[in-house]
Asker: 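My questions all concern the structure below.
The figures here come from the full heavy-atom set of this structure, side chains too, leaving out hydrogens, waters and symmetry mates.
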Amino acid sequence: MNLQLTGHHLEITPALREYVSSKFSRISNHFDHVIDVKVTMSVEKLAQKVEATLHVPGNDLHAACTDENMYSAIDMLTDKLDRQVLKHKEKNGDHHKSGGAVKHQLSS
């Protein structure tokens, strides 16, 4: 998983970088096919805003969160993305039964 952090009106400190990478490791534990993640952190007056885009096979997942504290905004963002990843993983699973369709099972 490639992690790209960008700061808009904000300098990315090593502490922020470590915190974001530790939070996104939880997402990669649930779904290991995440190709890359682009995270943009910005400050607009008193609001701390975090946006992220996950590139997974077949889809791009995007989420954004705003809070007064940057760390809580990152927490909310990873929670949103975690739910989206689980939903994406569930959709892409094989939903076919091993026996085939019901009409094929009854004809034998």
Side-chain angles (χ1 to χ4, degrees):
M1 173 174 74
N2 297 327
L3 181 64
Q4 179 185 356
L5 292 173
T6 306
H8 190 256
H9 299 294
L10 172 75
E11 183 179 338
I12 306 294
T13 62
L16 272 175
R17 184 176 300 276
E18 177 64 31
Y19 190 75
V20 169
S21 64
S22 68
K23 287 295 183 175
F24 277 93
S25 67
R26 185 180 79 185
I27 292 175
S28 64
N29 286 343
H30 287 165
F31 188 66
D32 57 348
H33 300 299
V34 176
I35 298 170
D36 64 311
V37 180
K38 294 179 183 174
V39 180
T40 304
M41 297 182 219
S42 61
V43 177
E44 298 170 359
K45 294 191 179 182
L46 297 177
Q48 313 285 326
K49 186 175 182 181
V50 183
E51 297 180 43
T53 303
L54 265 74
H55 183 65
V56 295
N59 207 355
D60 284 340
L61 307 174
H62 181 78
C65 286
T66 305
D67 197 50
E68 293 177 359
N69 185 357
M70 183 64 77
Y71 290 98
S72 62
I74 293 169
D75 288 341
M76 290 188 301
L77 178 83
T78 54
D79 289 341
K80 282 184 180 182
L81 286 173
D82 196 31
R83 287 191 301 269
Q84 287 184 15
V85 163
L86 290 175
K87 187 174 180 181
H88 174 75
K89 184 178 173 182
E90 185 178 300
K91 278 184 176 181
N92 285 345
D94 189 13
H95 297 291
H96 300 291
K97 301 292 182 200
S98 61
V102 175
K103 67 179 183 179
H104 296 299
Q105 291 176 2
L106 297 177
S107 64
S108 4

Asker: Work out which heavy atom in Ala73 is nearest to a heavy atom in Cys65; give both atom names and the distance.
Answerer: O-CB, 3.7 Å
Asker: Transitively linked via ILVMFWY side-chain contacts under 4.5 Å: Ile12 with Phe24?
Answerer: yes
Asker: State the CG-CD distance between Asp36 and Gln4, to the nearest 0.5 angstrom.
Answerer: 7.5 Å
Asker: Between Val50 and Met70, is any pair of side-chain heavy atoms under 4.5 Å apart?
Answerer: yes
Asker: At their closest point, which heavy atom of Thr66 faces which heavy atom of Met76, and how far apart are they?
Answerer: O-CE, 3.8 Å
Asker: Would Met41 and Leu5 count as a side chain to side chain contact (heavy atoms under 4.5 Å, CB included) if you check the C-alpha gap in whole Å, the side-chain angles of each, and the deciding distance to 0.1 Å?
Answerer: CA-CA 8 Å; Met41 297 182 219; Leu5 292 173; 3.8 Å; yes
Asker: Honestly curious: do Ile35 and Val37 fall in one hydrophobic cluster under the side-chain, below-4.5 Å linking rule?
Answerer: no
Asker: Taking all atoms of both residues into account, what is the closest heavy-atom pair of Ala63 and Lys80, and its distance?
Answerer: CB-CB, 4.2 Å
Asker: Can you name the closest pair of heavy atoms from Gln84 and Leu61 and give their distance?
Answerer: OE1-CB, 3.4 Å
Asker: Which heavy atom of Val56 sits nearest to which heavy atom of Asp60, and what is that distance?
Answerer: N-OD1, 4.4 Å
Asker: What distance do Glu44 atom CD and His9 atom NE2 have between them, rounded to the nearest 0.5 Å?
Answerer: 8.0 Å
Asker: Run Asp82 and Lys23 through salt bridge (charged side-chain N to carboxylate O under 4.0 Å, His left out) and show every step you take.
Answerer: CA-CA 10 Å; Asp82 196 31; Lys23 287 295 183 175; over 6 Å; no
Asker: Looking at OG1 of Thr53 and NE2 of His55, how far apart are the two atoms once the value is rounded to the nearest 0.5 Å?
Answerer: 11.0 Å
Asker: Please round to the nearest 0.5 Å and tell me the distance separating atom CG of Leu16 and atom CG of Leu10.
Answerer: 6.5 Å
Asker: Could you give the distance from OG (Ser72) to CG (Asp67), rounded to the nearest 0.5 Å?
Answerer: 3.0 Å
Asker: So if I apply the side-chain contact (heavy atoms from CB on, under 4.5 Å) rule between Leu77 and each of Asp79, Ile74, Leu81, which one comes out positive?
Answerer: Leu81
Asker: Among pairs that include at least one residue of residues 61-87, which meet ring pair (Phe, Tyr, Trp, His ring centres under 6.0 Å), considering only residues two or more places apart or in two chains?
Answerer: Tyr19-Tyr71
